[in-house]
There are 2 protein chains.
Amino acid sequence: MFVLCMENTDNNFESSSDTRNRLLYAAEKLFCQRGFEGTSVRDITAEAGCNIAAVNYYFGSKEKLYEELFHMRLSEKIQGHMKTIEQVCARPDATLEDLLRELVRPTMESALRGDTWSRVVRFLVREALHHRFGRDKIAEELIDKFFERLAAAFRQLLPGLEKRAAWRAVLTFESLVMHPILFFEMYDLVLPGFTVKEITEQIVRVGAAGLRSCLKGTAE
Amino acid sequence: MFVLCMENTDNNFESSSDTRNRLLYAAEKLFCQRGFEGTSVRDITAEAGCNIAAVNYYFGSKEKLYEELFHMRLSEKIQGHMKTIEQVCARPDATLEDLLRELVRPTMESALRGDTWSRVVRFLVREALHHRFGRDKIAEELIDKFFERLAAAFRQLLPGLEKRAAWRAVLTFESLVMHPILFFEMYDLVLPGFTVKEITEQIVRVGAAGLRSCLKGTAE
DNA sequence: GTCTATAGCCAGATAGAC
DNA sequence: GTCTATCTGGCTATAGAC
């Protein structure tokens, strides 16, 4: 069910049925653009080029389709990030900048293409705005696991980083990564002609400096 | 129409009618929680304790109510921030940390209370997710003005900061400020017992270190 | 200004033909 | 598996009584 590596791919669902795959793909596109309530089953089936009844046939309801999509994409995103962390942290000469860059780059490239990874982020933010975190046990555990691994990686690459400071660092870093995806239009307005490299290096530079400043303790 | 200082106040609308005010307040609360499509006129009038027809009587349509609310709150937020920047930059001994702290603190306090400022941010994020930026000229001009002023302030407090680097710094800083409001529930999960001071100082520290790192140029 | 009643529409879900 | 047809209900907006 879960696809480990999804860079440079897009419509990579593994369902048994073609129609089912097209429904998942169409639903993801529309949910991320217009939200759950803003998307009708009719919109989804039209985009997928199949009949209105198909959503209920394959998923039972519009809501179950959404949930399956959300858990699937969240798992993919987190498993991809986990793999990246393992790979970078296994290198004896790895720096904090290396880790940040490897985590940020695929996300930024995806944001420019508007494909899967950026959709997953939009999914997550929509969920957060709807206050669904903390109620969904599957999502909560996945995010918790990932944050714990990332905090450990930060402490490995930044010796002396306290435990609570590492957790703050995780949240801070995530905010830097998400922002360009959410405010893509604004970036284009303010930084006309910006490139993936410019944004990626900005996040790596600011993230590394910011994270290093967390070593100094909480005193202002 | 626009209220300049809204700290520690909440239901501070200035319409002529009481019912109109209650509608604005109820609509803001529900739109921010469930989004435009997820909120019905029935929900709003029920929350405001008045009749279904009131929305159309006072605003013409559900959509016009939303737009009025959005422009009003965006103006308030930006005018408040502009005032803060003027005040801090007028002080001859002002530091970068001073400015960041003054910009961040009211937002964080508001996030904890869940009142107006945090709602404005949720509004903005929803708008961004719906790709409405770039179409709404009023919002675009307001944001542009604010970003320009903030970039100038950064260049004043960080001598040597290049123009484009200042624009990147503005976007980076905004991402740090917005995050705790969007992922409030996650903060509670990851940093149990966190305080406004802890988060504020984290953002000020990381923001200042990150912004200073922008002085070094774009070379990695 | 505030209400009730309702028009007109579109939503999600399902029954049943093929 | 895929389709058409349809049920049921909620939605926005409005007409018109008070």
Side-chain angles (χ1 to χ4, degrees), chain A residues 1 11 13-72 123 126-127 129-130 132 135-136, chain B residues 1 11 13-72 123 126-127 129-130 132 135-136:
Chain A
M1 174 157 181
N11 187 356
F13 299 100
E14 288 189 352
S15 302
S16 47
S17 157
D18 244 19
T19 305
R20 200 184 139 95
N21 282 341
R22 275 185 288 118
L23 280 171
L24 280 166
Y25 187 65
E28 179 176 61
K29 182 178 165 187
L30 295 173
F31 282 151
C32 294
Q33 276 170 10
R34 311 179 201 166
F36 181 78
E37 294 88 353
T39 306
S40 70
V41 173
R42 283 166 161 83
D43 293 336
I44 296 169
T45 51
E47 175 80 24
C50 66
N51 195 266
I52 321 173
V55 163
N56 286 282
Y57 175 76
Y58 282 108
F59 302 95
S61 71
K62 181 189 171 189
E63 205 163 61
K64 282 183 193 159
L65 162 59
Y66 182 83
E67 274 176 22
E68 176 160 339
L69 205 43
F70 174 61
H71 287 138
M72 197 176 81
F123 245 116
R126 281 195 183 279
E127 286 296 311
L129 286 169
H130 277 269
R132 278 181 223 173
R135 289 179 213 168
D136 187 324
Chain B
M1 175 159 178
N11 187 357
F13 299 101
E14 287 188 351
S15 304
S16 48
S17 156
D18 244 19
T19 306
R20 200 184 139 96
N21 282 342
R22 276 185 287 118
L23 281 171
L24 281 167
Y25 186 65
E28 180 177 59
K29 183 177 163 187
L30 295 172
F31 282 151
C32 294
Q33 277 171 7
R34 312 178 201 165
F36 181 78
E37 294 88 354
T39 306
S40 70
V41 173
R42 284 165 159 80
D43 294 336
I44 296 169
T45 51
E47 175 82 22
C50 66
N51 195 268
I52 320 173
V55 163
N56 286 283
Y57 176 75
Y58 282 108
F59 302 95
S61 72
K62 180 190 171 187
E63 204 163 62
K64 282 183 194 157
L65 162 58
Y66 183 83
E67 272 176 24
E68 176 160 340
L69 205 43
F70 174 61
H71 287 140
M72 197 174 83
F123 246 116
R126 283 196 181 280
E127 289 294 312
L129 285 169
H130 278 269
R132 279 181 220 172
R135 289 179 215 167
D136 188 324

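Labels below follow one simple rule: chain letters A, B, ... track the order of the sequence lines, proteins then strands, and each chain is numbered from 1. Only heavy atoms go into these numbers, but all of them, side chains included; no hydrogens, no water, no symmetry mates.
- Look at CG on B:D18: it is 9 Å from P on C:dT2, rounded to the nearest Å.
- Among residue pairs with one or both ends in residues 46-66 of chain A, those qualifying as salt bridge (Lys or Arg N to Asp or Glu O under 4.0 Å) are A:K29-A:E47; sequence neighbours excluded.
- With sequence neighbours excluded, the residues that form a side-chain contact (heavy atoms from CB on, under 4.5 Å) with B:T39 are B:L30, B:F31, B:R34, B:D43, B:I44.
- Across all strands shown, A:F59 has no heavy atoms under 4.0 Å from either base or sugar-phosphate atoms.
- In this entry the distance linking CZ of A:R22 with P of D:dT2 reads 8 Å, nearest Å.
- The side chain to side chain donor-acceptor pair (under 3.5 Å) analysis of residues 52-61 of chain B, with sequence neighbours excluded, yields the pairs B:S17-B:Y58.
- Within the 4.0 Å cut-off from OP1 or OP2 of D:dC3, not a single side-chain nitrogen or oxygen of A:Y57 is found.
- Remark: B:T19 is in phosphate contact with C:dT2, judged by side-chain N or O atoms under 4.0 Å from OP1 or OP2.
- Taking a 4.0 Å limit (strictly below) on heavy-atom distances, residues 43-50 of chain B does not reach DNA chain D anywhere.
- Listed by chain and number, the residues in a side-chain hydrogen bond (donor to acceptor under 3.5 Å, both in side chains) with A:T45 amount to none (sequence neighbours excluded).
- Nearest nucleotide to the A:S17 side chain, out of C:dG1, C:dA13, D:dT2: D:dT2.
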Every protein N/O within reach of nucleotides 4-8 of chain C N/O, cut-off under 3.5 Å:
residue : atom : partner : partner atom : Å
C:dT4   : OP2  : B:N51   : ND2          : 2.8

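- Rounded to whole Å, atom C1' of D:dG10 lies 13 Å from atom NZ of A:K62.
- Between B:R22 and B:G49, the shortest heavy-atom distance links the atoms NH1-O, 3.8 Å.
- Between atom CD of residue B:E28 and atom CG of residue B:L24 there is a gap of 8.5 Å, rounded to the nearest 0.5 Å.
- Two residues are said to be in side-chain contact when any heavy atoms from C-beta on lie closer than 4.5 Å; B:L69 and B:M72 meet this criterion.
- Computed from coordinates, the A:Y66 OH to C:dG12 P distance equals 15 Å when rounded to whole Å.
- Under the 4.5 Å side-chain criterion, counting only non-hydrogen atoms from C-beta, B:E67 is not in contact with B:F59.
- Whole-Å rounding puts the A:N56 CG to D:dA5 P distance at 18 Å.
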